[in-house]
Amino acid sequence: MSRPRPIVTYEVPQPGLLPSWLSLPAVLLMALQERGIPEELERRLRIDRKAGGHGPVELISFLVACFASGRGGFRPFWNAMLAWGRVRGRRAGPSVPEQLAALVGKSAMCSPASVSRALSKVLVEDVRGLHEWLLVDVPDLLPLLKHPSVLMRDTLGGGWHPFDFDPTVTGLLERQLAPGHEDLPQGKRRTRDLAVPGYSGRKRCETQFARAVLSHAGLGAWLFSRLGPGNGDPRGDLAAALDTVVALMARLGEGTRGFVRLDGAYGGVPSITALQERGLPFVTRAVQQLVTQPEMQERLAKSSWTRIPGAEVSDSKSVAELGRVTLEPAEKTLRDDGTPYPPVTVRVVVSRMKQSGEAQRGVVRDGWQYEAFLTDLPVEAWPAAETVAAYHGRSACENRFAQEDRELGLDRIFCYRPGGQEFATVVGMMVWNLLLARGFRTLQPPEVEPALEPRVPVLDPRPCVFTVSEVEAEDVPTTVPEPPPPREPAPEPVSSSHPAAREALREGLCELPWAKILASRPGWSWDAALGVLRCPDGQALHLVTVRAADRAAGRAAAYFGTRQGTCRDCPLIGDCLWSVSGKSSKQLGVSISEEEGLRLQALLVSVRAVEPRSRRPVPRRRVQDPPSPRRGGHILHPPIEAEPGRWAISHPRFLPAEARRALRELASQVQFDITILVHPGTRPSTHPLIAGSHRQRRHGRTTWSERALRHALTPDAEVHLCIKGPRVTATALLGRRPKLARRVAKNEP
């Protein structure tokens, strides 16, 4: 049986042909140049001359091409362009970076090293003045935001713009620095200006920086971004994002309505005050557990529960309207100027679901997990079930973060300076919006109002019964807040009703070699009189547990800890704990021998056996400090009586990922052939060894205009671009019908 042999041939690409993965960057650069965006950026953004000879135009053209190409970071993108140039063969014509630079009127493009130098000189205050222009005006999002497919519909049939505000954290692991010696200095961390320790959630990191992001959920576009070390500035970031929403709603015109969806971290009085002062409706998760109050439970027991529409598991969760509640801020919750916050009145909607274990959110009572949601949306347009369904829609923001990292790779470090990192990130988000907007206009959806379906509420007949213990009833505040009686500071629990067992444990602890154990912990000490460890701030850490064979070589470990909230006012908390709220407990584990561990474990068991564990008050750090104010004192208003609308809510129907994918598919079907014609007569006729002027010879300081002309093409230079592909595809990609291609003589410069 004969076997067919394939015939393999090889053909060198045409000299001026760009790869297909550069077709989309070429389209975006041409579109920006036609609208004069690079020149406008040259006027708006000033980069220090010490950053090199390249200006904002070369910088943004590199960033746009890099993000749109999908090649990864700066260096892989640059190496891929150079590799394509080597495949085409050596010739005297322009390189691939020079061809892309010609599309924006420049003779050269930044290299990765030049991009790093330029980003390091970008100032944060200059970047934050460009957010609205780069993210909204450059992609021209206003006409898209008026399309009916990007709006949510309430039960009355009215359209709403949903906005999602959510910060994301980029974590960093720090390597050990090389120690300094006589030949090399002490190592320094390049991220010291960008990242600091903070609360990272489930991410494993030592330092981090936060990026507060605002997006339009219906369109899938980014509207705001702001970076900050650690966990950023929660109040400042939220205020700036809300100002962006207010400005955008004003530009969209009168009659435009929108609401903001926020995570439970913004369910307190300061965030609600910022929203209400700007007149922005919102929905968020409550930061306080309102369901634990008896009057709240009494009303919930009499309320009717409705299942959430559109839930994946229809029988899993139901909601009820609690009514309006006035929330009282804590005494230590103050504005930036030191003035207290006034009480706020909001609607409270409570959801419940069956839960057998502990709840990650909310509280568990009698086998039910309850969560409270705060909103000020009108109850007739957004009933309880529809309000919670709208809040659950914010989970799409997490998917958008994953798509952003996969398509553009924005969850990485582009510059170790905050201004450069924020500028590169905002430009990447601008590219995202450009792809979205051009994909939207390429396959223009019809402007047809969606068909509304009638609202059919499904009641949950399962009863709601609360069983409140006496201990809980004592801890729950009443409806009318009363000042708590003055309490004496609780003494440290060093004595008990069984002093013999406690004394034996103290003597056993004192026998440990504390001088050796604490030799590597400066500031720590052992208090032999009380049998406790003392941290550098003087806080007492009591023995919590002993674990045998928990360390290497079979050694045991003794763990000491404070009670929850003890370190809240400690001035050294930033060096010990990453907790933002200060509610965490300080713990320390020391390594001891196996014999000592078994002996202490037996003594601790004997103390626990004769001394039952009880809920002791948290010891105050300073005797003269007043006790922390308890949360609560909230006022429950009469029930809300309103008739909801007749229609079921309608979520946005626009598919942003499909719009970006459609544009990328069109770009992959064509290739660009770029030819640059520079007439010899326009070139400067100066000798390479002769300076053009005295200032040029002494390298005098150049003006902004002179720097812009340094890498600019001559005025009579001609850039010819030929598209290799179907004419229909080229028309859809460019937005206009291209001319019939004619062979252009490639006169090399």
Side-chain angles (χ1 to χ4, degrees), residues 27-28 31 34-35 132 135-164 214-223 244-261 281 309-310 377-378 381-382 386 389-390 393-394 396-397 400 403 429-455 645-667 728-737:
V27 171
L28 296 183
E34 291 175 357
R35 297 175 53 195
E132 183 178 1
L135 297 178
V136 178
D137 296 335
V138 172
D140 195 15
L141 296 182
L142 291 182
L144 278 63
L145 291 173
K146 299 179 180 179
H147 198 275
S149 63
V150 304
L151 301 178
M152 288 189 68
R153 304 286 172 176
D154 57 20
T155 59
L156 300 178
W160 294 74
H161 289 274
F163 297 94
D164 290 335
L214 176 71
S215 64
H216 189 282
L219 184 59
W222 305 113
L223 304 176
T244 301
V245 175
V246 172
L248 181 62
M249 299 294 288
R251 296 181 62 182
L252 290 175
E254 297 182 0
T256 305
R257 296 180 298 178
F259 66 97
V260 185
R261 301 185 294 198
L377 292 170
W382 296 93
E386 284 72 7
R394 68 175 299 274
C397 188
R400 193 164 296 116
Q403 294 172 350
M429 299 168 70
M430 182 196 72
V431 172
W432 173 286
N433 291 352
L434 284 171
L435 300 179
L436 187 67
R438 294 192 69 86
F440 186 99
R441 294 183 173 92
T442 300
L443 303 175
Q444 183 72 31
E447 295 191 10
V448 179
E449 297 288 341
L452 300 179
E453 300 178 357
R455 179 177 182 267
R646 53 176 299 193
W647 305 111
I649 64 169
S650 175
H651 294 271
R653 305 296 180 88
F654 176 65
L655 301 176
E658 291 297 320
R660 299 191 306 273
R661 184 188 61 81
L663 185 65
R664 291 187 182 275
E665 287 186 356
L666 287 177
V728 178
T729 304
T731 302
L733 189 62
L734 298 178
R736 64 179 185 276
R737 187 176 180 87

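What's counted below: heavy atoms across the whole structure, side chains too, no hydrogens, waters or symmetry copies.
- Between Trp222 and Trp432, the ring planes lie tilted relative to each other; the angle falls in the 30° to 60° range.
- In this structure, Pro281 and Trp160 have side chains that are in contact, with non-hydrogen atoms separated by less than 4.5 Å.
- Listed here is the closest heavy atom pair of Leu443 and Ala662: CD1-CB, 3.6 Å.
- Residues Asp154 and Arg257 are in side-chain contact: their nearest non-hydrogen atoms beyond the backbone lie under 4.5 Å apart.
- Between Leu666 atom CG and Arg661 atom CZ the span is 10.0 Å, to the nearest 0.5 Å.
- What you find for Ala217 and Arg400 is that their closest heavy atoms are O-NH2, 3.7 Å.
- Using a distance-only test at 3.5 Å, with no hydrogens or angles considered, a donor-acceptor pair links the side chain of Arg438 to the main chain of Leu733.
- At a threshold of 4.5 Å between non-hydrogen side-chain atoms, the residues Asn433 and Val136 do not count as touching.
- Electrostatic pairing of Asp137 and Arg35 does not count as a salt bridge here, judged by no charged N lying under 4.0 Å from a carboxylate O.
- The nearest pair of heavy atoms linking Ala437 to Leu141 is CB-CD2, 4.2 Å.
- Residues Asp140 and Arg441 share a closest heavy-atom pair of O-NH2, 2.7 Å.
- To the nearest 0.5 angstrom, His216 atom NE2 is 14.0 Å from Leu135 atom CG.
- Using a 4.5 Å cut-off on side-chain heavy atoms (C-beta onward), Leu248 and Leu145 make contact.
- Closest of all the heavy-atom pairs between Leu142 and Arg251 is CD1-NH2, 3.3 Å.
- Side-chain contact between Gln444 and His147: present, with at least one pair of heavy atoms (C-beta onward) separated by less than 4.5 Å.
- Here the straight-line distance linking atom OG1 of Thr442 with atom CG of Leu734 works out to 9.5 Å at 0.5 Å rounding.
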Inset, instruction - Determine, step by step, whether Arg736 and Thr731 satisfy the side chain to side chain contact (heavy atoms under 4.5 Å, CB included) criterion, reporting the C-alpha distance in whole Å, the side-chain angles of both residues, the deciding distance to 0.1 Å, and the verdict. - result: CA-CA 5 Å; Arg736 64 179 185 276; Thr731 302; over 6 Å; no
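- A side-chain donor-acceptor contact under 3.5 Å links Thr155 to the backbone of Ala381.
- Here the CZ-CZ distance, from Arg455 to Arg646, works out to 13.0 Å after rounding to the nearest 0.5 Å.
- In terms of heavy atoms, Pro656 sits closest to Leu219 at CB-O, 3.5 Å.
- Residues Glu453 and Trp647 form no side-chain contact, since every pair of their non-hydrogen atoms from C-beta on lies 4.5 Å or further apart.
- Electrostatic pairing of Glu449 and Arg153 counts as a salt bridge here, judged by a charged N lying under 4.0 Å from a carboxylate O.
- Remark: Asp164 CG to Arg261 CZ distance equals 4.0 Å, nearest 0.5 Å.
- When side chains are defined from C-beta on, Lys146 counts as touching Leu252, because their heavy atoms get closer than 4.5 Å.
- Side-chain atoms of Leu436 and Phe654, non-hydrogen and from C-beta on, do get closer than 4.5 Å to each other.
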